[in-house]
Every structure is written in structure tokens, then in C-alpha cells.
Amino acid sequence: MTEELPDRYSAADVEQRIYQWWESKGYFKAQDVSTKPPFCIILPPPNVTGQLHMGHALDHTIQDVLIRWKRMSGFNALWLPGTDHAGIATQMVVERELKKKGESRREMGREEFVARVWEWKRQYGSRIYAQMKRLGDSCDWDRAVFTLDEGVSKAVRKVFVDLYKRNLIYKGQRLINWSWPLETAISDLEVEHRETKGSLWYVEYPVEGSDDKLTVATTRPETMLGDTAVAVHPEDDRYKRLIGKSAKLPLSGRLVPIIADEYVDKSFGSGVVKITPAHDFNDYQVGNRHGLPMINILEKNGLLNANAGPYEGMKVLDARKKIVEDLKAGGFLAKEEAHKHSVGYCSRSGAVVEPFLSEQWFVRTKPLAVQARRTVESGTTRFEPEMWTKTYLHWMEIIEDWCISRQLWWGHRVPAWHCADCGHVTVAETDPASCEKCQGTNLGQDEDVLDTWFSSALWPFSTMGWPGETETLKTFYPTNVLVTGHDIIFFWVARMMMMGLEFMRDVPFRKVLIHGLVRDQDGKKMSKSAGNSADPVELIETYGADALRFTIMAQIASGRDLKFSEQRLEGYRNFMNKIWNATRFSLAALKDFQAPADGEKASPNRSDMSAADHWIISRTQSVAKEVEAHMEEDRFSEAANALYHFVWNDFCDWYLELVKPIIYGAVSAERSATQLVLAQTLNRMMRLLHPFIPFITEEIWQKLPIRSEALIVDSYPTQRTDKDWFATASKDAVFEMEVVKEVIAAIRNIRGENSIKPGQAIKVRLAPADGRVQKILGENKVVIMRLARLEDVEIGEAGNLAKCALTPVRLPEASVDVIVPLEGVIDIAEEVKRIHKATEKIQKDMGVLTKKLGNENFVKNAPEELVLADRAQVEQFRAQLERLRDSLSRLQ
RNA sequence: AGGCGCUUAGCUCAGUUGGUAGAGCAAUACCCUUACAAGGUAUGGGUCGUGGGUUCGAGUCCCUCAGCGCCUACCA
């Protein structure tokens, strides 16, 4: 009933077909109402302009593995997808397109431009979804949400209005970060600080009414046009007497007061600071403390304004140059020093960020942060790894008001209307027809849009139909886990916590799983601009999505960054091929196998099973147990590695090899039993592997003799689901197989060390220490002969050891001497070397143990079983050494 | 400046309660053995960054120092 499979697995031929089949069958769908327990993850919405990058690949693979695992574990699993309108990013992309066509945003006006962006979105907005599907993301696509969808927009408005009415949103004139190329405010978090080479200029400010001069140190001399004070430290004896007097600004001649403020560091520069409240955050605070006027010297486009007098219309850097020249010419410049300092850059445009005085909307975050802090402190929401808790809590302590307005066109427009008649601002969920104060109809909507992160902050409930009281919310809120990188804890996680608690009265998620970032081989963060980012879609095309997923999952450990290497990916691609070929062999071995009617429940007669059969079932049980424990604790790499080892080493290297003599043998009850075990093991193996490598496992599943309709919705093997199957394995089988494996390994070692050609069959004598082991060896004689390539094996007394290689096999509770007569087979001298090597190793190990056991305190304090085990081990070593010495003496 | 993290085999990294160090890749030797050369068998390779402490016993817990990295704040 099996068809022929190609000997190489081709992911490209399989993955997209399988994905479409899953989707067409509706397997990704979750139920709003269900008897199953809910499990929900909301996808951190990628930018609608985004292309899938390695960061997504990492983030999504974790989520998909979790979702698939939970889905198979009987949960009503919902992975809710969506995309983010990404205000600045998208606006920039579309503007760039327009520019190519010779069009501009400003010329076409707001309405037309927004229409063009929507057009762009319609065309390219689902590109990222298509790429996610290549990765295997099993999202419930029918629920996909875009942040500008009607439902989400309604939620945004409701939240805005609500917070405004409660005075948690306000509009105010404040100093904010201004990106002049984009002509918009940006939040603190969108500013990147970079060490930059600059100069420190010492400028002399004459003191009014005296010959004194104050030397002011500054890195931005052009801002002196906006100076409204000069400050010194109140305890600075050099300048105490000048406090209260006025200084005369060079060039403009304007008078400014000399004030005292503790903010000034006496030891830095000259100990005198010029105060420019409208262009520096510290100065802004000093200005507020002293009630200083604020002089803004910049236009929105970054050029100097009328306040700059003769410098009006110049760019900041040009003005700086000119002013330095003028200061020098006027004799005001005392000196210039090279100076390194950190400068803020706009993370979007790359331009230097200017602190800029402007009218913006703010969220008062401190009251919101209180609960958001407490729920994490109390453990209602936990961070994993736990260390991020501190980062989060610290930020919640120092949190500042959040500037939520952006001077962009693409986004949620601020739902506030300014009355031209009375000046009142009407904030409302539905567009008002008239001013709520004077009833005038001369209303104009606020021009600003909201920070993209404002809508993102509502994501966990806005995507589920809030403010409606939906079944989705009832079932899935709070969500179970949020999976994200540590770079957006502040941007996003913290804000979702605040909003969720405020509007849903409950945390948005029970757990925040923080993972690391993807780096290149040199440890650099992957980024487009650095040109070092691997393209996951390309990698998927070359190696397959499964290989990429497994590479990620096998390496990701407790939130650490992961260095991506294609070599490693190749290794796991080989693993996929290994699985494929193991299946190919198995299916051939099952050609004449009749699938039992009771499918997964069918078990063979225990008496018909071989030791290998018992053993592989027991190994399956162990690995299932291990994987379950690791998955429960989010130790994905441990789970992945346990599976890797199980498949490659246990199943392929041992089980399949052990079973070959039976499979190739005559039809019998024993052979049928082994076929059944093989079929059942394949079934469990695919189920265990599926969350990690969904495509290949589903493809294989469809060809298995024992299977259900679809692996993706079959059950995940645990001690409970597969209790009966695991119970068919005899407990003795593990021990029995250990003996067999060790004996084979010992013979192989003798062969390898003595350079006996693989093709050359040899004779071996096995001398077991007791009847139990003797029985085991007898029962597995065929297997041992095959795997060790023997032409004959004798089991019994050690006999004459003359010219023999000997390896005492070490096992707790078992001992066998493996004896290979070497005469005519190899050079005796080689064997002498081998025995010396083996002896040294045992002596070394024994030395450690005897030293330990010689320590009274160890014997007194260590657990008894440990001491006993060590003693037994020493005894065994002693016996083994004796055998080796004996063997050595008989060689010469 | 403060906070956090890292330092284990040539490379990339695991190592959950402290009990004689592991994986993948790379390397070496031999093999196209009828599932797989994207494979098999065997082998070599580490005083777990430094110095100290706790303990019968430390890669694992505590302290010191060094190097690297990240985050936050910022020097006018």
C-alpha cells in the first residue's frame, strides 16, 4: 500500500501543497465557543510594509510551535494574526514611490495621499502574510486584523475619548523630540543615541556692568540664539558673586540673567552653562524651575527662524559654522576642544533629533503605570526569563508622559475638533456636527494622527471585538502568552499592560516570553542597512521551512541572542533528509503490513516482540516525557535536541538496524509484532516532531499505515494519551538493549582501533558474568553478529586468551568480556597500544573515585546510594583492569 | 555614570534542583554495508575567563578582578 518515495526529501515540492491543504480544511481555526480549554497567542503585528526577516522567523517559529503543540494537546488554540499600519514607515515608503513618479505628498494633499496609501496597502499589504505561510504559521487567518480596520479604529477612539475625559490625555506645549526631515514629533524610544565626535566651544559672555566675563562651554553654539539665562552652581565660589547679574549674549547683545542651579556640574567645562530651554531637555527643566522665557529658534523643517536674526533660513549645521566664525571674529571664542558626546538620531530618518518646543497630545502615564507595575510585582503576569521583570519594573518607575501625536497623515486621526468660534476642543467618539460648548459649526478636526503604538497598545482586546462584549473576548482574554523580543518591552509590552488593565480590568497576557535577537556569524545584529540580514524566504526555498524552524528551535535558549549560521541550517536540513529516509525504509519494511482496525490502540503480543521493540517503545516514552517537561518550561532547544537525538541515534542508528534481520526474515508472529511496533513508533515520532517541523511530518503522516486524517489535529503524545502503548514495553528491555549496545560498541571499538576493515568479518567470544546476561546475549546473537559484522560468535567461558583482544564491558549490574581472537587478523602491536590506552583511562577514572572514597567526609556526608554506587564502580574497574592485564600478558 | 547579561572542545552553543563535562559543525582514519555519502563506523580535542570563599564535593552558590556585549540616563 506504500508508494515509492524519492531518496532525497524535497521541501519545495511539499511545503506549499501541505499548507494549502491545511488551510482549505480549516485546521487553523479556533472556536469562540468550545468545550476545550482556550489557549491564545496574539501575533505581534508586523508592519504592513514589512518583509519577513530573521527576527520574525524566530518570533513566529516559537509561537507556531507553541500553538501547534497546544492544538495537539487538546486546546482550543487561537493564534490571532494582524498587521500594523506603521505610520511613519508606511508613509515613507509610499512617499518614496510617489517621488519616483514625480509626485509629492504635499502637492496632492492629505485626502488624496491617504487614498494612495490605502491603494498601496491593498496591493502589497498581504505580502507579509504570504511569507508567514511559507514559514508554516498556523494562524486563524479569518480573524486577521489591520490596525486601521473599522473595529480597531473604534476601539482607538473610545480609549482616547475615555482617557481624555478622565484627564489622562491632555494637549500641551512641551519640549519633544522632533524629526525635521519627517516634520513630526517622535517618542523618546524612537531616538537612538550614538557616540558622536564633535567640539566643545568655550564662548565668553561679558557680564553686564563690569569687566567680568563668563566662559560658557557648549557643543551647540548656534543655540545661543535661544539662550534665556546663564547658570552656575550655587556653591561655586568662582561665580557666586555674579549670581543675579546679567550676561550679555555675544553677537546679539541680548541680556540674560545669571542664575544659580544645582544642575550645573562645577567640574565640567568651565562650570558655566548657557540655558536654552526651547532646545535642550535639561535646560527646559531649568527654565521651568526659574520661570525663564523660551525662545524657539527653529522652523518645523529644521531651518532657523526669525528669532535667529541674521541667521534666519540657515540649516542648523551651517548656522553653527557661521556663528563660530563670527564669535572668533568678534573675539568671543576662548578655545575649541575636540569632544565626544552622545547625540540623538531619529531611528526612522537617521537625522539628528532636535529638541523642539511644540504643541502635542500626551498620555499621563504615571497613574496607569501603577497597576501595570503591581500586576507584574505580584506575578499575575510573569516574564520569562525572569530577569526582564526588573527591566520592566524599572521603566515603570521612571516612566514619563507619552507623546502620542504625530504630524503625519497616515494613521488614526486624533478625535478632537477645534472650534473656530470659541476655541473649545470637542473630543468625541463620533464626528461632532457642532461645538459642544458654543454649538458653533465652525469645527476643524485636529490635524495630528496618533503614534502607531497607541493602537498597538490595545491590540490584545481591540482585535477581539472590543468595545463589544464578544464571545471571543470572553473565551480568549486574557491571552496566555505574549512572545516578543526584549527590544519592544517599553514600546509595546508595558503599554499593553497599562491599557489592558485600564479597559479590560485584567492583564492582557499571563506570561511574556522574551526571546533574543538574531545575529549574524560575527554577532552583529541583523539589519537591512548593515546588509547582513539573511532572507528567511530565500533560506526556506533552499533548505525548507522545517529545517529553518528546527535550526531556530534547537538553538534558542532562555532569551539569549542567537547567532545564525547557514552551516548549522544545512545540518538540520540533513536531519530532515534523515527522517525522510528512515520513513522510506520503514514503509518498505511495512509493505506487507496489514494496518490493524483499531489503529493507534493496537498493540502486539508482548511475547512476540523483540528486545529492540520493547526498547524503542520505552525510549519513545522517555522522550515524550522529556519533551513534555521541557515544553511546559519553555525549554524549546532542550525539547528539540531530545527529539533529534531520539530520531537519529535511537531510532535510526539502533532500532532500524536492530530490526533489519527480523524484517528481512521469514513471515512470523515475531515479524508482524515488529512491523506493528515500527508502524506505531513512526506514528508517535511524527506526532512528537510535528510542532517543530510541521510540513515533513504531515507529508509523511499521510503515507503511514497507522494514522488519522490529519497530523496537525492529532493528539500530542504524553504519558496520558499514549499510556497503553507505552505500557506494552517491558521494563527489562532497556537494560537488555544497553547490554547489547555496549557489546556491539566494544567490538566496533576493537575493530576501529585495530584497523580491521569493515568488510572483514571476524569471530568473537563473549564471556558474560552471569546467567542473566548470558541469556540476553543468546537472544540477541543475530543482531550482534549483524551490527558488529561477525562471522561467528561464541557465548560462554572466556577460554584461552592467548593472542586475543579483550574489552571488559562496563555497565552497572552487568559485566561481559568481549574477546576477539586476533591471530591472523591484525598486528598484535596495535592491540597492545589499545589495551594500554584502555587501561590508562580506567586507571584515571578509578583514581578519581578512590580519592573521593578515601575522603572520610564524603563517605559520611554524601547520600548513601551515591557512595555505594561509587564503591561498586571501583570494584568493577578493579576487575576490568585485571582482565586487561591478563589479556596483555597473553598477547606477547 | 547606573543596571543587566556573557566568558565551557578549533567554531557556534547546551548544561533545570551542586555529585567524575555534552551537542551540532569542523578535524582525523576507514568504508559507495541493498533507507539515507545531505550517509555509516571509529578516534582525537576542554585545569568550564582570573583570584578567592562556602561545601565532603562547584561549570553549577557567594565575593573580587579582567575582557566582551546590551539597555537606560547623560556631560552643557
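From a predicted model like this one, the values you see are computed outputs, not experimental measurements. Throughout, a chain's letter reflects where its sequence line sits, starting with A, and its residues are numbered from 1.
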| said: What contact category does A/R635 fall into here, base, sugar-phosphate, or nothing, at under 4.0 angstrom with non-hydrogen atoms? | reply: base
| Hey, what do you get for CD (A/E830) to CD1 (A/I750), rounding to the nearest 0.5 Å? | 13.5 Å
| field | Under-4.0 Å side-chain N/O to phosphate OP1/OP2 contact, A/R8 with B/A38 | value | yes
| said: For a quick check of understanding: with a heavy-atom distance under 4.0 Å over all strands, which category does A/Y664 fall into, base, sugar-phosphate or nothing? | reply: sugar-phosphate
| Quick one: is B/C56 close enough that its OP1 or OP2 comes under 4.0 Å of any side-chain N or O from A/K851? | no
| query | If you measure from CD on A/E699 to CE on A/M686, what distance do you get to the nearest 0.5 Å? | reply | 11.5 Å
| query | Does the side chain of A/K390 get closer than 4.0 angstrom to OP1 or OP2 of B/G3 through an N or O atom? | reply | no
| query | How long is the line joining CZ of A/F858 and C1' of B/G18, in whole Å? | reply | 13 Å
| task | Using atom CZ of A/F564 as one end and atom C1' of B/C25 as the other, report the distance to the nearest whole Å. | result | 14 Å
| query | Which part of the nucleic acid does A/D487 contact within heavy-atom distance under 4.0 Å: base, sugar-phosphate only, or nothing? | reply | nothing
| said: Expressed as a whole number of angstroms, how long is the span from A/L790:CG to B/U33:C1'? | reply: 14 Å
| query | If pairing requires Watson-Crick or G-U wobble contacts with both distances under 3.5 Å, which nucleotide is the partner of B/A66? | reply | B/U7
| task | Report which part of the nucleic acid A/Q760 touches: base, sugar-phosphate, or nothing (heavy-atom distance under 4.0 Å, all strands). | result | nothing
| Approximate separation, where rounding is to 0.5 Å, of A/K660 NZ and A/L658 CG | 10.5 Å
| message | By the 4.0 Å heavy-atom rule, please label A/R748 as base, sugar-phosphate, or nothing. | response | sugar-phosphate
| message | For A/W654, does the six-membered ring have the charged nitrogen or CZ of A/R786 within the cation-pi criterion, i.e. under 6.0 angstrom from the centroid and within 45° of the normal? | response | no
| request: At under 4.0 Å between heavy atoms, which parts of nucleotides 67-76 of chain B does protein reach? Answer with one letter per nucleotide, 5' to 3': B base, S sugar-phosphate only, - none. | output: -----S-BSB
| request: Could you check how far CE of A/M387 sits from C1' of B/G3, rounded to whole Å? | output: 11 Å
| G-U wobble or Watson-Crick pairing nucleotide for B/A26 (cut-off 3.5 Å, both distances) | none
| request: Answer with base, sugar-phosphate or nothing: what part of the nucleic acid does A/E570 contact at a heavy-atom distance below 4.0 Å? | output: nothing
| said: Distance check needed: B/C25 C1' versus A/E566 CD, whole Å only. | reply: 14 Å
| Quick one: does NZ or CZ of A/R8 land under 6.0 Å from the six-membered ring centre of A/W580, within 45 degrees of the ring axis? | no
| request: Would you please classify the geometry between the A/W395 ring and the A/F490 ring as parallel, tilted or perpendicular, with 30° and 60° separating the classes? | output: parallel
| message | Between B/G51 and B/U7, how far apart are the two C1' atoms, rounded to whole Å? | response | 16 Å
| B/A73 pairs with, by Watson-Crick or G-U criteria that keep both distances under 3.5 Å | none
| said: Measure CH2/A/W648 against P/B/A37 and give the value in whole Å, please. | reply: 11 Å
| query | Do the ring centers of A/Y392 and A/W388 come within less than 6.0 Å of each other? | reply | no
| Between B/U33, B/G24, B/U20, which nucleotide gets closest to the side-chain atoms of A/P758? | B/U33
| Rounded to the nearest Å, what distance is computed from the CZ atom of residue A/F636 to the P atom of nucleotide B/G15? | 14 Å
| request: Determine the contact category for A/K578: base if any of its heavy atoms lies under 4.0 Å from a base atom, sugar-phosphate if only primed atoms, P, OP1 or OP2 are that close, otherwise nothing. | output: base
| field | Complementary nucleotide of B/G18, counting Watson-Crick and G-U pairs under 3.5 Å | value | none
| task | Hey, could you give me the CE/CD1 distance between A/M576 and A/I700, rounded to the nearest 0.5 Å? | result | 9.5 Å
| task | Would you tell me if any nitrogen or oxygen in the side chain of A/N577 comes within less than 4.0 Å of OP1 or OP2 on B/G39? | result | no
| query | Under 4.0 Å: is that the gap between some side-chain N or O of A/N574 and OP1 or OP2 of B/A38? | reply | no
| query | In terms of side-chain heavy atoms, does A/H290 have a donor or acceptor partner in A/D261 at a distance below 3.5 Å? | reply | yes
| message | If I pick the P atom on B/U64 and the same atom on B/C4, what distance separates them, to the nearest angstrom? | response | 12 Å
